Amino acid sequence: MNIKSLKLGELESLACDIRERILSVVSTNGGHLSSNLGVVELSIAMHYVFNPPNDPFIFDVSHQSYTHKLLSGRWNEFDSLRKFGGISGYTKPNESEYDYFIAGHSSTSISLAVGAAKAIKLKNEDRLPVALIGDGALSAGMAYEALNELGDLKYPCVIILNDNEMSISKPIGAMSKYLSQMMAGPFYQKFKSKINQLLELMPDSAAYMAKRLEEGIRLITPGMFFEELGLEYIGPVDGHNIKDLISALSVAKNMKKPVIVHAQTIKGKGYEIAEGPKEKWHGVSPFNPQNGIALQKSSQKNATEIFSSLLLELASKYDNIVGVTAAMPSGTGIGALIEKFPDRFWDTAIAEQHAVTSMAAMAKEGFKPYIAIYSTFMQRAYDQVIHDCAILNLPVVLCMDRAGIVGEDGETHQGAFDISFLNAIPNFTLAAPRDELMFKEIMEFSYSFNSPLAIRYPRGNFGLSDEFKPVKVELGKSQILSQNNENVAFIGYGNAVAKAYKVAKFLDINPTIIDLIFIKPLDKELLLNLAKEHKKWYIFSDSAKRGGVGEILSGFLQENNIKDVNIISFEYEDKFITHGSINLVENSLNISIEEIAKKIIL
C-alpha cells in the first residue's frame, strides 16, 4: 500500500480503518491487541516518511507490527494472523521483504539497527535503519549497550521510542511541555545546529556560558539522558497526531545522525475497554469485541494457576521464600505473590539476567528464591544460570512456564530447548510434573532441596488430572504407573506422560508406563531393571530431540554397555517450530496421538 500520496485527512481515515481491521481479526484469532492499537499512527508515519524495504524497519519484539503488515501488502492475508500456515504475529523475513528481521524477544532492535548502520556505512548506501522500541524494552541492558556504541559511532539511525505508559522521563510542568513541543520541530533542530557551529568560533568563556544555558534547558526536558549518550533527541511528540509525527520523523531523517524520536502513545488507543496500561489486554485470546469478554473459559486450572497457588501456599508457610519474574507477573502467576508479599516478590521488568543473578545473591544470604520465567526467556539468562547459580551450587528454583509447544506465538517462543541446555550444567537437577498432584509434590520437595533445581511445566492445562496416584518425591526417583512383562515401555517426562498414557489407550494396549519425574539425575536402578525385560523404549517429552530425553537415555544405556534396547523418541526434530494451534502443529510434526500410534511396533 503506497500511502505517500495521501493527504492528512486520508491518513487519519486510514488509521481508523486499520484499527477496525486489527480489532476484528485479533478478537477472532487472539494476539497482541493493545500494543498494536497504540502504534497505528506511528506505523503510518514511518511508512509515509521513510522508504521500506530499502530503509530497514526494525520492530522491537515485533509484537506491535500489525499495522506495518497491513501497510506492506498483507491486508487480505491478515485474517490468517497467527493461524497455522498463515501470517505470523511477529515480523518474519521469509513472509515479506518488508520484514527486516525476525523478533520475538525484547530489546534487540537497537543492536540490530546499529549493525545495519555499520553495514550501510561500509557499503556506502543511501539507506537509513529505523527502529521502533517500546519504553518497557528499555528495562533490558542490551538496549543500553547498543545506545552506548551508537552514541560513540554517530552513524545515521532513527530510533523511535514508543512511550506508552509515561515510564520514560515524564515531563515536569507546563514549561517542560512547551519546550518539548518546540524541540520536536524543525526550527529548533536547525537553530541548535547553527548555534553549535557558532560556538566553535566563539571565545572559550562565551562558549562556556552558552553551553551552560543549553544544559539548563535540557535539565527540564526529557532528552537529557539520550543526549548525554551522544544521541540527538526529538520529542516528546503526540504519538497519535499524524501531522506532528510526520514532521518529527522528517526532521530526524534529514539530520544524518543517530536520533531518538520520543513519541507518547496510549496502549489500546481507539478501543476504550483496552486503553491504558492494562496487562490483560497485551496478549489476548479470542473475545467478544462488544464487551471484551473472552469467548472460551476453561473450568480446569491451568499449570500457571496451579504453580501460583502452590507457591503462595509455600510462601505463606515459609517466610524465607522469595521470588522474581521478568515483566510477566500475571503470565507466570507471580502477580498474586507480589500482591500478597510485596517485600518478598518482585518484577524486575524485561531483565532476565538481572533477575537470576539478584536471586543468586539472595540464595547466598540464606533465602529460598523461586525464579518464574518462561522457558523461551530463560535462554536469555543462560550465563547467569551457569556462572551465578550453578558454580556456587546455590539453592535457586527455576520455574519454567510455557515448556513445550506454545501455539500461536511460534518459533521465537516455543519452550523446546530448556532440557537440552540445562542438562549440560553441573550441580543442576531437572524435574517436571505430569499433573497437578505431582506438581504439589515437586514444589514441596523444592523447598528443602539445597542445590539448583529447574522445574518445567506447560502452557495451559496438564493432559492428566487424577488418573494416577502421586508419590512423595525423592531425588532421582521415577514412578512406574503401569507395569507388564511385555517388550514395550512408554517412558514419559512431565506433561508428555499424558501423551504416553493416551497413545496406549488409543491403541488399546497395556505397556509399562514410566514417569521419569527427574531427567537429571536419572533413576539408574529402575532403568537398569527396565532394560532387562523391555527392549523397546518409546520416549515422550515436549522438548527438542537434540540433547533431549531420548538422547539422555541413549547415553545412559551406552554408559552401562546396554546394546539390546531400541529407543524411539517422539520429541521435536532438529528444526524451529512454526506457529499455529498446538493440535495442528503437532500434526505437522507427526507427533499427534494418532501419528505416534502408527509408529508403535509391539
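Just so we're clear, the structure is a prediction, and the values are computed from it rather than from any experiment. Any value given below was found using the heavy atoms of this structure, including those in side chains, with hydrogens, waters and symmetry copies removed.
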Please state whether the rings of [X] and [Y] are parallel, tilted or perpendicular, taking 30° and 60° as the class boundaries.
X    : Y    : answer
F59  : H68  : tilted
F540 : F570 : tilted
F576 : F417 : perpendicular
F50  : F57  : perpendicular

Q.
For a ring pair (Phe, Tyr, Trp, His ring centres under 6.0 Å) check, start with the C-alpha distance between Y66 and H32, then their side-chain angles and the critical distance, and finish with the verdict.
A. CA-CA 9 Å; Y66 293 2; H32 291 92; 7.0 Å; no
Using a strict cut-off of less than 4.0 Å between a Lys/Arg side-chain nitrogen and an Asp/Glu carboxylate oxygen, indicate whether [X] and [Y] qualify as a salt bridge.
X    : Y    : value
E571 : K545 : no
R456 : D401 : no
E232 : K154 : no
E95  : R74  : yes
D55  : R127 : no

Q. When you look at I133 and I110, which way does the side chain to side chain contact (heavy atoms under 4.5 Å, CB included) test go after all the steps?
A. CA-CA 8 Å; I133 182 170; I110 304 177; 3.9 Å; yes
Q. Which of these, F462, Y457, Y370, sits in a ring-ring contact (aromatic ring centres under 6.0 Å, His included) with F307?
A. Y457
Rounded to the nearest 0.5 Å, how far apart are [atom1] of [X] and [atom2] of [Y]?
X    : Y    : atom1 : atom2 : result
I87  : L81  : CD1   : CG    : 5.0 Å
M46  : L71  : CE    : CG    : 10.0 Å
D99  : S88  : CG    : OG    : 8.5 Å
K121 : Y155 : NZ    : OH    : 6.0 Å
L33  : S285 : CG    : OG    : 11.0 Å

Q.
How about CZ on F101, more than 12 heavy atoms from neighbouring residues, nucleotides or ligands closer than 6.0 Å, or not?
A. no
Q | Residue pair R402 / T376, side-chain heavy-atom distance below 4.5 Å | A | no
